Protein chains: 2
Amino acid sequence: MTVSRTADPNVSKPARAAREPADAPEAEAGGIRMGELSELLGYSLKRAQLRVFDDFIRCMTSLNLTPAQFSVLLLIDRNPGRNQTEIASTLGILRPNFVAMLDGLEGRELCVRVRSANDRRSHILMLTDKGRTILARAKKLVATRHEARLNEVLGPANRAALLEMLATLARDF
Amino acid sequence: MTVSRTADPNVSKPARAAREPADAPEAEAGGIRMGELSELLGYSLKRAQLRVFDDFIRCMTSLNLTPAQFSVLLLIDRNPGRNQTEIASTLGILRPNFVAMLDGLEGRELCVRVRSANDRRSHILMLTDKGRTILARAKKLVATRHEARLNEVLGPANRAALLEMLATLARDF
DNA sequence: CGATAATCGTTATTGGTCATATCAAATAGT
DNA sequence: ACTATTTGATATGACCAATAACGATTATCG
């Protein structure tokens, strides 16, 4: 079933494509009517997010990286020389909760904390060689398994449109 | 692995643009490069979901209903005579965790558990009059404040397209 | 300079969500 | 009857999110 991205802006009818008999009145799940729940954007957002995260974790089992850990490694790699506060706040992680997370990553020798010379309060974060290797493998797994499958299900154009709208929500909402 | 800046297919972008110079190379947040994070669908999904939920809760402060509570009331209303297992599993809530939730709703006299005559193990769930009243007010708040604002930010056509894609993800992914 | 305020990483703690195992009561299957 | 399954419930543990507070360090400015 293809998602009609360019479907005419028929707001009142969300156009649940043509597979159901004409009298099908409402979305169901296991014989239970979903009511206006299927029109609630937040509900669909959460369900979709859980599924996507599940698949991400599944694709990462060999490397044992959670979505949060992956994003941390990615950010440290792209922003060498940043301290914990900067990396954490960028990801919406509170500083106290970031400590245990870094303990884990540093314990696996994927990154290191180095006392800054300029400001000896702060810890500069850097990836180790092992961290860079794992990150590279993780990126490949994400691209070839996770995102590739998203592309299959959604189609490239829809995937791009979805990404843009989600970014809009996170930015302007 | 380039971040395609506005390849943007048919979706009309809700007015934001024109602030970045034409050579803007990469998404940033507080001077920190996001790297391929801005291309990760799961990441954007989570950030967007958190924002939308925040707004939902904000719109519901007067009624004190969480997204989960709202969806439970909605489902009970649309499916009278169902028991806890059926309602919970439809929402992806585990039965043990559903108990405390119902305790809360029943304590506020929004719904009741009634022993089933057919199967005296199960509890039939029904809304009270107060529950129906609150639900009606909640629906109105969601429509006029929450979803209305989503419509403003995304535009009606985009909102419908987004909803359809999220449903696709939750269904076929 | 020196006192005060602010920042950084950290610890402790609390509250919330999610998941598993288990239980008594009731039912279903044989 | 005997066993297995189901329903609601309890307890518990893992994991996040959020706040307050502390020692060490740096910044402010009188």
Side-chain angles (χ1 to χ4, degrees), chain A residues 30 32 42-43 45-47 49-51 53-54 56-58 60 64-72 76 79 81-107 111-126, chain B residues 30 32 42-43 45-47 49-51 53-54 56-58 60 64-72 76 79 81-107 111-126:
Chain A
I32 292 196
Y43 178 77
L45 259 175
K46 177 136 195 186
R47 297 306 284 251
Q49 185 258 320
L50 290 175
R51 286 253 183 155
F53 265 48
D54 263 3
F56 186 98
I57 293 173
R58 209 174 45 77
M60 286 302 205
N64 223 44
L65 282 184
T66 68
Q69 289 171 328
F70 176 75
S71 61
V72 168
I76 295 178
N79 302 274
R82 298 299 186 139
N83 64 23
Q84 299 184 193
T85 301
E86 293 170 316
I87 298 293
S89 79
T90 302
L91 292 172
I93 303 175
L94 293 169
R95 280 56 95 212
N97 300 327
F98 195 47
V99 174
M101 182 162 191
L102 270 186
D103 288 345
L105 292 176
E106 202 176 12
C111 69
V112 286
R113 306 183 230 216
V114 185
R115 290 233 92 99
S116 166
N118 310 339
D119 186 341
R120 285 181 4 204
R121 290 171 297 184
S122 59
H123 289 169
I124 295 309
L125 298 180
M126 301 186 326
Chain B
I32 291 196
Y43 178 76
L45 259 176
K46 177 136 194 186
R47 298 307 284 251
Q49 185 258 319
L50 290 175
R51 288 254 182 154
F53 265 48
D54 263 3
F56 186 97
I57 294 173
R58 208 173 47 75
M60 287 300 205
N64 223 45
L65 282 183
T66 69
Q69 289 172 328
F70 176 74
S71 61
V72 168
I76 296 179
N79 303 272
R82 299 299 187 139
N83 63 25
Q84 297 185 195
T85 302
E86 293 170 317
I87 298 294
S89 80
T90 302
L91 291 172
I93 303 174
L94 292 169
R95 277 64 87 211
N97 300 328
F98 195 48
V99 174
M101 183 161 190
L102 271 187
D103 287 346
L105 293 176
E106 203 177 12
C111 69
V112 287
R113 308 183 229 214
V114 185
R115 291 231 92 99
S116 166
N118 310 338
D119 186 340
R120 285 182 2 210
R121 289 171 297 187
S122 58
H123 290 168
I124 294 310
L125 298 179
M126 301 185 326

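As the structure is a computational prediction, the values presented were derived from the model and not from experiment. Each chain gets a letter, A, B and so on, in the order its sequence line appears, and its residues count up from 1.
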ask   = Arg95(B) near the nucleic acid: base, sugar-phosphate alone, or nothing, with a heavy-atom cut-off under 4.0 Å?
value = nothing
request  = Check every atom of dA9(D), dG9(C), dT7(D) against the side chain of Ser122(B) and return the nucleotide holding the closest atom.
outcome  = dT7(D)
Nearest-angstrom distance from the residue atom CG of Asn97(B) to P of dC15(D) = 16 Å
inquiry  = Applying a 4.0 Å non-hydrogen cut-off, can you work out what Asp119(B) is touching in the nucleic acid: base, sugar-phosphate, or nothing?
reply    = sugar-phosphate
Phosphate OP1/OP2 of dT17(C) contacted by Lys46(A) side-chain N/O (<4.0 Å) = no
request  = Starting from P on dG9(C), measure out to CG on Asn118(A) and report it in whole angstrom.
outcome  = 13 Å
Any donor-acceptor pair under 3.5 Å from Arg47(B) side chain to Leu91(A) backbone = yes
message = Check this one for me: any side-chain N or O of Arg113(A) less than 4.0 Å away from OP1 or OP2 of dC8(C)?
response = no
key: Separation of atom CD in Gln69(B) from atom P in dG16(C), rounded to whole Å   = 11 Å
task = Starting from the 5' end of DNA chain C, give me the residue, Arg115(A) or Gly92(B), whose nearest nucleotide shows up first.
result = Arg115(A)
remark   = Of the candidates dT20(C), dT10(C), dT27(C), the side chain of Pro96(B) sits closest to dT20(C)
ask   = Under the 3.5 angstrom rule, does the side chain of Glu106(B) hit a backbone N or O of Arg113(B) as a donor-acceptor pair?
value = yes
request  = Using the side-chain contact (heavy atoms from CB on, under 4.5 Å) rule, take Leu125(A) and Cys111(A) through it: C-alpha gap first, then chi angles, then the decisive distance, then the call.
outcome  = CA-CA 7 Å; Leu125(A) 298 180; Cys111(A) 69; 5.5 Å; no
task = Grab the CD1-P distance between Ile93(A) and dT10(C) for me, whole Å please.
result = 14 Å
message = Can you say whether a donor on the side chain of Arg121(A) sits under 3.5 Å from an acceptor on the base of dT7(C), or the other way round?
response = yes
message = Please confirm whether the shortest side-chain N or O distance from Thr85(A) to OP1 or OP2 of dG9(C) is below 4.0 Å.
response = yes
ask   = Over how many whole Å does the gap from Ile87(A) atom CD1 to dG9(C) atom C1' extend?
value = 15 Å
Separation of atom CG in Leu94(B) from atom C1' in dT10(D), rounded to whole Å = 15 Å
note = When rounded to whole Å, the CG to P distance for the pair Leu50(A) and dA19(C) reads 8 Å
ask   = Measuring from Glu86(A):CD to Arg95(A):CZ, what's the distance to the nearest 0.5 Å?
value = 11.0 Å
request  = Output yes when a side-chain donor or acceptor of Arg115(A) lies under 3.5 Å from a complementary backbone atom of Ser122(A), and no otherwise.
outcome  = no
remark   = Between CG of Asn83(B) and P of dT6(D) the distance, given in whole Å, is 13 Å
